[in-house]
Peer 1: 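Quick one: the structure is below, questions incoming.
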Amino acid sequence: MSGACREVVTLQLGHYSNFIGTHWWNLQDAGLVYDADVPAGELQSDVLFREGLTLAGHVTYTPRLIAVDLKGSLQTLRKEGSLYDTENENSAFTWDGQIMTHQESPPSKNPFLQELDNLDTGGLLAEPDFTHLTSAVDNCSAVPGASVAVETINSSLERIQKSYRLEGSVRVWSDFLRLHLHPRTISVINQYNHDGESDRLEVFGQGEALLQGQVLEDLEDRLHFFIEECDYLQGFQVLCDLTDGFSGLGSKVTEYLQDSYGGRGILTWGVAPVNHPDTSSMKDLYHMMNCALGTLQMANHSSLFCPLTLRGGLCRRPPPPTAFPLLNYDPLLWYHSSSVLALALDALTVSYRLRDCSATMWQLSDALTASGRKVVSAYGSVPFPMMLGGCLPDALDAFSDVLPWRSLSACPEISDGRFCFSQSVTLKGVDEQSLVSRLLPGMEAPSPLHYERSGEDVLSAYIRSHYPSSPLAVQLVSSGSKVTPPFPQIFNPSLSPQGFLQSHSTPGSPSCPPVSCLPVLTSLQSSPAVGLQLSELQKACAALDLRRVAPSFLTHGPEHAEVSEYLEQLRSLAHCYRQSHSCSSSEEDDDDEY
């Protein structure tokens, strides 16, 4: 799996970021190919993964990842992981007085984690146990001689599919983590608690103040470890919680990356769940202010910033969550909502992970962030509705004048036509034979799309029919997103195992295997809708007198005058998205111009 590529270091800051990241890494792990005789895929896994050795000399293949969370957020997962034996390391111990030991029972593991433990202790080279095959590939990267067993496992997976129903047992993101992590990956901030009423990381200023002292040193050490082994580092992808104090930490982390690794791409995804446990009117206010300040600051320090959420909006009383016709997911369940966003992110990040004709992070950001518009919006069709055995022109024609995707960035709809400054569209999971129409000679084409002779031309022609004057980049990847256990089975029963629509389906039929792969269509856009979103957020925050209604928000900083200045900068940023306007515009705010 070696070879020259442009590596990426991923940072996940916050609990919901790690929920999305866990699903996303599970998807990447499921798509890995260990057999040297199998042709290389369209996506280059070395962009994201690193190869290493355990102390015993076993080859490992682990994410190039730094995951930051709070005390009490790991549950059954060891901070150091399980690839390296760190329990027997010598530590200084000088106390010679009486010792009293208080032992607490370890958290219980769900069936999925128990099965992973069985594979770790039993090994892959023993006689295969087909009840464990669905997750056997998870540990291939850490077991000596695993490549010998992969072919047997994969062939058996075609016969055995076991589904996990983890909705009632997932408490934290590590409860559904498939793959092993490097000991340098997980960083725990012990100053704040994940659960409980005290010592919570709730406001922007708390997060800003964190990146100093030991936390900064720890981050620098981890970054240096992963970066020093890169040959052609193209940049960083950052997932950061947007609604709590991690928004402040993310602002400082992206500023540090910008200052220390200038010239590298920094693509930041500000993520937000639909709901928060134990919320209140005051916490809702905190969430909105954190979103506003985090969006501004992370956009200033990133090459590109994109909100990623299924909320209907970023203000305190948003519209209903985003719905997808072919998904039966619970938007209030983090295990579900994060899986949908991970599927979208798998397609949104394709452009800089392609093996051939790859656009680097900075090329993608430069194409989308002209004139200072560094905030973009994401849209997705998850999954993309296409008939089994059909073709892409037929699938796109079925939408008529309605676009196939839904907002993934809480951007409002604009009623006066469609326009965007630029966009990047990715279609994942449609094979080459299905990209064009199979018209016989002499047959009349149902639409102009059926005359196009390549998938890129079909998709480009369709997008340009809705955005005729906008710069456009199109990426097609024939392999879909592999949704192997423990991905939740949230799919409409009309979907085939490959994720395509079937004309006849029998819900709950034992003979119908679960969905294991999905086609996904996404779009990254710089459009006036972003300006409208930023303007609404700025107005809602500016209408508050924080000194009166939420003085605790200012206790940890920034001061009230700084907040006012930040909100003015946010208003100026919103002006950038007016048609025929630039960031230098000083005209008064007028929503009609978006």
Peer 1: For Ser302 and Val238: C-alpha separation, side-chain torsions, deciding distance, then whether side-chain contact (heavy atoms from CB on, under 4.5 Å) applies.
Peer 2: CA-CA 9 Å; Ser302 302; Val238 181; over 6 Å; no
Peer 1: Starting from the C-alpha separation in whole Å, work towards a yes-or-no answer on side-chain contact (heavy atoms from CB on, under 4.5 Å) for His15 and Phe246.
Peer 2: CA-CA 9 Å; His15 203 63; Phe246 275 103; 6.0 Å; no
Peer 1: For Leu32 versus Ser45, what's the shortest heavy-atom pair and its separation?
Peer 2: CD2-CB, 3.4 Å
Peer 1: Could you measure the distance from the OG atom of Ser17 to the CG atom of Leu308? Nearest 0.5 Å is fine.
Peer 2: 9.5 Å
Peer 1: Looking at Ala550 and Met282, what are the two nearest heavy atoms and their distance?
Peer 2: CB-SD, 3.8 Å
Peer 1: Would you mind reporting whether Asn26 and Phe487 have side-chain heavy atoms less than 4.5 Å apart?
Peer 2: no
Peer 1: Would you find a donor on one side and an acceptor on the other, under 3.5 Å apart, between the side chain of Lys252 and the backbone of Leu210?
Peer 2: no
Peer 1: Short question: side chain of Gln44, backbone of Ser358 - any donor-acceptor pair under 3.5 Å?
Peer 2: no
Peer 1: Can you label the angle between the Phe324 ring and the Tyr329 ring as parallel, tilted or perpendicular, going by 30° and 60°?
Peer 2: tilted
Peer 1: Could I get the full list of salt bridge (charged side-chain N to carboxylate O under 4.0 Å, His left out) partners for Arg222, not counting sequence neighbours?
Peer 2: Asp218
Peer 1: Would you say the side-chain atoms of Ser247 pair up with the backbone N or O of Thr243, donor to acceptor, closer than 3.5 Å?
Peer 2: no
Peer 1: Checking Glu229 now: which residues fulfil side chain to side chain donor-acceptor pair (under 3.5 Å) with it, not counting sequence neighbours?
Peer 2: Arg50
Peer 1: Taking the side chain as everything from C-beta on, heavy atoms only, tell me whether Trp269 gets closer than 4.5 Å to Ile20.
Peer 2: no
Peer 1: Which is it for Phe49 and Trp25 under the ring-ring contact (aromatic ring centres under 6.0 Å, His included) test, yes or no, and what are the steps along the way?
Peer 2: CA-CA 10 Å; Phe49 287 83; Trp25 286 109; 5.4 Å; yes
Peer 1: Verify, without hydrogens or angle tests, whether Ser174 (side chain) and Leu177 (backbone) share a donor-acceptor contact under 3.5 angstrom.
Peer 2: no
Peer 1: Passes side-chain contact (heavy atoms from CB on, under 4.5 Å), Leu267 versus Tyr352? Steps please.
Peer 2: CA-CA 11 Å; Leu267 269 57; Tyr352 53 87; 3.5 Å; yes
Peer 1: Rounded at 0.5 Å granularity, tell me how far CG in Leu293 sits from CG in Leu537.
Peer 2: 9.0 Å
Peer 1: Looking at Tyr16, is its backbone amide N or carbonyl O close enough to the side chain of Asp241 to form a donor-acceptor pair, meaning the two atoms are under 3.5 Å apart?
Peer 2: yes
Peer 1: So, do Tyr256 and His301 have ring centers that fall under 6.0 Å from each other?
Peer 2: no
Peer 1: Between Leu48 and Thr349, is any pair of side-chain heavy atoms under 4.5 Å apart?
Peer 2: no
Peer 1: Just wondering, do Ser407 and Ser377 contact through their side chains at under 4.5 Å, heavy atoms?
Peer 2: no
Peer 1: State, to 0.1 Å, how close Thr279 and His287 come at their nearest heavy-atom pair, and which atoms those are.
Peer 2: OG1-CE1, 3.8 Å
Peer 1: Can you list the residues that meet the side chain to side chain donor-acceptor pair (under 3.5 Å) rule with His336, with sequence neighbours excluded?
Peer 2: Glu167
Peer 1: Considering non-hydrogen atoms only, spot the tightest contact between Gly235 and Arg264 and give its length.
Peer 2: CA-CB, 3.9 Å
Peer 1: Any non-hydrogen side-chain atom of Met298 less than 4.5 Å from a side-chain atom of Leu242?
Peer 2: yes
Peer 1: List the atom of Thr309, the atom of Ala272, and the distance in Å for their closest heavy-atom pair.
Peer 2: OG1-O, 2.6 Å
Peer 1: Would you confirm whether Thr185, through its side chain, and Ala67, through its main-chain N or O, come within 3.5 Å as a donor-acceptor pair?
Peer 2: no
Peer 1: How many angstroms lie between atom CD of Gln237 and atom CZ of Arg64, to the nearest 0.5 angstrom?
Peer 2: 10.5 Å
Peer 1: Answer yes if the ring centres of His23 and Phe19 are under 6.0 angstrom apart, and no otherwise.
Peer 2: no
Peer 1: Does atom NZ of Lys71 have more than 12 heavy-atom neighbours from other groups under 6.0 Å away?
Peer 2: yes
Peer 1: At their closest point, which heavy atom of Val520 faces which heavy atom of Leu343, and how far apart are they?
Peer 2: CG1-O, 4.1 Å
Peer 1: Trp334 vs His276 aromatic rings, parallel, tilted or perpendicular, using cut-offs 30° and 60°?
Peer 2: perpendicular
Peer 1: SG/Cys541 to CG/Leu285 distance, rounded to the nearest 0.5 angstrom?
Peer 2: 8.0 Å
Peer 1: With no hydrogens and no angle check, is any side-chain donor or acceptor of Lys428 less than 3.5 Å from a backbone partner on Thr522?
Peer 2: no
Peer 1: Do Leu348 and Thr426 have side chains that get closer than 4.5 Å, going by heavy atoms?
Peer 2: no
Peer 1: Working to the nearest 0.5 angstrom, can you tell me the gap between Ser281 OG and Lys283 NZ?
Peer 2: 10.5 Å
Peer 1: Evaluate the side-chain proximity of Gln28 to Asp346: yes if any heavy-atom separation is below 4.5 Å, no if none is.
Peer 2: yes
Peer 1: Ignoring hydrogens and geometry, is there a side-chain-to-backbone donor-acceptor pair from Ser260 to Leu257 under 3.5 Å?
Peer 2: no
Peer 1: Report yes if the side chains of Val47 and Gln234 come closer than 4.5 Å at any heavy-atom pair, otherwise no.
Peer 2: yes
Peer 1: I need the Arg373 CZ to Gln525 CD distance, nearest 0.5 Å.
Peer 2: 13.0 Å
Peer 1: Taking Glu568 first and then Arg571, would you say they form a salt bridge - that is, a charged N and a carboxylate O separated by under 4.0 Å?
Peer 2: yes
Peer 1: Would the distance check show the side chain of Arg311 and the main-chain N or O of Ala410 forming a donor-acceptor pair, the cut-off being under 3.5 Å?
Peer 2: no
Peer 1: Okay, side chain of Glu208, backbone of Phe204: is any donor-acceptor separation there less than 3.5 Å?
Peer 2: no
Peer 1: I would like to know whether Leu544 and Arg316 meet side-chain contact (heavy atoms from CB on, under 4.5 Å); could you show each step before the answer?
Peer 2: CA-CA 12 Å; Leu544 299 171; Arg316 283 190 288 173; 3.7 Å; yes
